[in-house]
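Contents: one structure, followed by commentary.
Chain letters run A, B, ... following the sequence lines, proteins first and then strands; every chain starts at 1.
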Protein chains: 4
Amino acid sequence: MAPSSFTEEGGEPVARTQPSGQEPVPQRLLSAATRLFAEQGFETTSVQQIVDAAGVTKGAMYHYFGSKDDLLYEIYARVLRVQMSRMEQAADSSESVERRLRAVAADVVVTTVAYLEDTVIFFRSMHLLHADKQAEVRAERRRYHERVRQLIEEGQRAGVFRADRSPELVVDFFFGAVHHLGSWYRRDGPMSGEQVGDQFADLLLDALRA
Amino acid sequence: MAPSSFTEEGGEPVARTQPSGQEPVPQRLLSAATRLFAEQGFETTSVQQIVDAAGVTKGAMYHYFGSKDDLLYEIYARVLRVQMSRMEQAADSSESVERRLRAVAADVVVTTVAYLEDTVIFFRSMHLLHADKQAEVRAERRRYHERVRQLIEEGQRAGVFRADRSPELVVDFFFGAVHHLGSWYRRDGPMSGEQVGDQFADLLLDALRA
Amino acid sequence: MAPSSFTEEGGEPVARTQPSGQEPVPQRLLSAATRLFAEQGFETTSVQQIVDAAGVTKGAMYHYFGSKDDLLYEIYARVLRVQMSRMEQAADSSESVERRLRAVAADVVVTTVAYLEDTVIFFRSMHLLHADKQAEVRAERRRYHERVRQLIEEGQRAGVFRADRSPELVVDFFFGAVHHLGSWYRRDGPMSGEQVGDQFADLLLDALRA
Amino acid sequence: MAPSSFTEEGGEPVARTQPSGQEPVPQRLLSAATRLFAEQGFETTSVQQIVDAAGVTKGAMYHYFGSKDDLLYEIYARVLRVQMSRMEQAADSSESVERRLRAVAADVVVTTVAYLEDTVIFFRSMHLLHADKQAEVRAERRRYHERVRQLIEEGQRAGVFRADRSPELVVDFFFGAVHHLGSWYRRDGPMSGEQVGDQFADLLLDALRA
DNA sequence: TATGAATGAGCGTTCATTCAT
DNA sequence: AATGAATGAACGCTCATTCAT
């Protein structure tokens, strides 16, 4: 019922009824929700707070989103789409497997930092999603992990990575570290996302190198 | 109003008013809360559900705990105390710094797996605690990280670990991975907590070795 | 604002803007509303459901009908007009009073069965109409009862019907039974509307016969 | 979850926390709901109106009743219990079958008039009950009709009633008339419930007599 | 120690209706 | 003649907490 995507990741911006300079209502709602969910948590944020922050009424929100849950789902779906497409580009490039894994590892840190609020919300609140949407999100995450695991296996077969590491476990180890960035990384701290990405990639590669 | 600890981590079992064979009410409440919070989330679990699961009434719960929040805090405090004390024992032993860090790394995985529900609750719900209790919990976590960081610095000074790694970052990296165990580790899966601890320790040490 | 009648009970079909084969919008709305109100009840049916079922939009509905209430009123008015005109024809014929009452009684059962959904809606939901429209509908019903009562009185004066029956009460008794058809009669059951009409007329006449 | 009966149809009144003279909360809620549902309809009456009329808060209502639906169900169940037990007493007495049917017919009119509000609510709003509760209520009604039909069949076998009447249809006919009392009978009108019962019983018996 | 009736504020959601286009 | 985004008020319901007993 609710459109599956409101974020215009490409495609021409379409003129709506809003004067230019004003973002369309669905995007405003999504931004407000993202900020509030990250600050206060999903359950502690009321729909009233969201619509107030977005400058619309509840009715308008329910015109675009089927439920408060939908807002949460859309936040997940948005960051998932971005990370998936960037990862696939890096993983499928013509570089050496070592460089490709490094690129993937560094990039996922960069995008996680870029979408830090979304990530925080993600891991705190996914369990609050309705079961079916939760399953969709998990499936997409699994595809992501799978692709990275294949990269490690490829490196092991090529003799570039140690063969005595469980690729599955390494993936869980590394993404665990990445997914927890939200609990310590600060944008106003000493390191940029790129710098952290570099270091995390080093740590991963050192642990894998034959 | 509510006592700060009900868990008897050692010390002789004391006879209470309860007939032997029945756990005392506060522990029953804490167990029920832990299970339900892990299964359904903190906000989604009602006080009524908790007292039903513990076989008592609301009045009894409010006799022992000041609020629903207190239950959450007590769950955190309990696992924090256990992990802190075990870590200090390993970190202060007379082994080589490399062996001490390895032991700490492996052990935190083992206890995290042993208290997996608590860990899941911790990272999902800490933001829902009242600010002051949240600060207490964070401070304790920080002390924990601090001690591990010192271990790494000690190894770097001794030339056992590479000096070009940021100890802070490595700690965040490693504990990120550990804290995320709850999102993939299954007790009925193929690996024991000890096995995962071993592998995680390997990965950490490989990334640190000079 | 909304015309008082859209049903063309006789008169030549007039070409509208709709392509032939497609019923005009107001009729489509009325049919959809009748079906949905009977299935789910008036308050439980949303305007959105009605316009979806009719294949139009809300704007179109509010163009033809002033309110959701109007739809309900129009449904009543339609069946009232039909029953009134058929009853008057039978009541004013040149037959004996006994045959005329019998014809009226049997016919009201037949039309009630033919418009069973409308009857169901009528008795469930009339109290939800605005007071003034409700008064109009009640007044029309009263005129109907009145005419039938006159028939009974005519029979009593003629000595065909027992004089010790209250005509008013007999009318209420009989129409009570008729109006309740909706709660047990099934179109796919063993009896046709005509058969039920016959039997009901028998029961009425037996109770009246001198 | 909600107790199945709050009405004390017999049994000693139990002292509660309420000072004598004040009805207990569940009864007050049921009375208020009955009055308001009959006046305004079920869907048009808000829970807030009910609790205001009963002088309690929403929380109190939901302490005793699982839902607004439950209130409706309890109203039905109450009148159903009364009518069923009175009918069985009359139907199982040692009188002649004719007198027994007459007693049943007259009595159901009397109780319907005594519980006129409940009856009005019943036939207007039953379709709004949840499916399973609706089924329970229908089943009970069916048992009631069944018993009365047996009485008619008994009379037919005994040769007291005409054998060419369908007992099923006669039951539907008569109870239709009874169930519609709510749409015309007025307590402040010229006839008592007993008088109407007498006349209705006459009409039924006349139509059945061999 | 413990009960459980009662509170009261707040929640997510619905929906008939309006109106600029 | 028709669209559909947006409103705004109300709704049924939940729940942590209190308190007389």
Secondary structure of DNA chain E in dot-bracket form (Watson-Crick or G-U wobble, distances below 3.5 Å, | marking inter-strand pairs): .||||||||||||||||||||
Any C/I75 side-chain heavy atom under 4.5 Å of C/F37 side chain: yes
Length of the line joining A/Q48:CD and F/dA10:C1', which is rounded to integer Å: 13 Å
Side chain of C/K68 - closest among F/dC13, E/dT17, E/dA5: E/dT17
Nearest-nucleotide comparison on DNA chain E, the residue closer to the 5′ end among C/D69 and B/G59: B/G59
Rounded distance in Å - CG (D/D52) to C1' (F/dC11): 14 Å
Side chain of D/T57 - closest among F/dG12, E/dT14, E/dA6: E/dA6
Minimum-distance nucleotide (side-chain atoms of A/K58 versus F/dT18, F/dG12, F/dA10): F/dA10
Interatomic distance, D/L72 CG vs F/dG12 C1' [rounded to whole Å]: 14 Å
Nucleotide F/dC11, atom P - distance to CE of D/M61 in whole Å: 14 Å
Spacing between A/L29 atom CG and F/dA6 atom C1', to the nearest angstrom: 12 Å
DNA chain F contacts made by residues 36-47 of chain A, counting heavy atoms under 4.0 Å: none
Cation-pi check, C/K133 onto C/Y76 ring (under 6.0 Å, within 45° of axis): no
Interatomic distance where CZ belongs to C/F65 and P belongs to E/dT17 [whole Å]: 13 Å
Within-4.5 Å side-chain heavy-atom neighbours: C/M61 and C/L71: yes
Distance-only donor-acceptor check, side chains D/R78 and D/T34, under 3.5 Å: yes
Nucleotide of E/dT1, F/dA1, E/dA6 approaching D/Y64 most closely (side-chain heavy atoms): E/dA6
Spacing between C/R28 atom CZ and F/dA1 atom P, to the nearest angstrom: 15 Å
Minimum heavy-atom distance between A/R138 and A/M126, given as atom pair plus value: NH1-CE, 3.8 Å
Whole-Å distance separating the CD atom of C/Q49 from the C1' atom of E/dC15: 11 Å
Pairwise side-chain contact, C/E23 with C/S31, heavy-atom cut-off 4.5 Å (strictly under): yes
Minimum-distance nucleotide to A/S67 side chain [options: F/dA2, E/dT13, E/dA5]: E/dT13
Between B/Y73 and B/E136, a side-chain donor and acceptor under 3.5 Å: yes
Flag side-chain contact, heavy atom, 4.5 Å: D/L72 against D/F42: yes
Below 4.0 Å: OP1/OP2 of E/dA2 and any side-chain N or O of B/H63: no
Under 3.5 Å donor-acceptor, A/D69 side chain and A/H130 backbone: yes
Nearest-nucleotide comparison on DNA chain F, the residue closer to the 5′ end among C/A60 and A/G55: C/A60
Test item: D/Q40 and D/Q49 side chains (from C-beta on) under 4.5 Å apart, heavy atoms: yes
Nearest to side-chain heavy atoms of A/Y62, which nucleotide of F/dT3, E/dT17, E/dT14: E/dT14
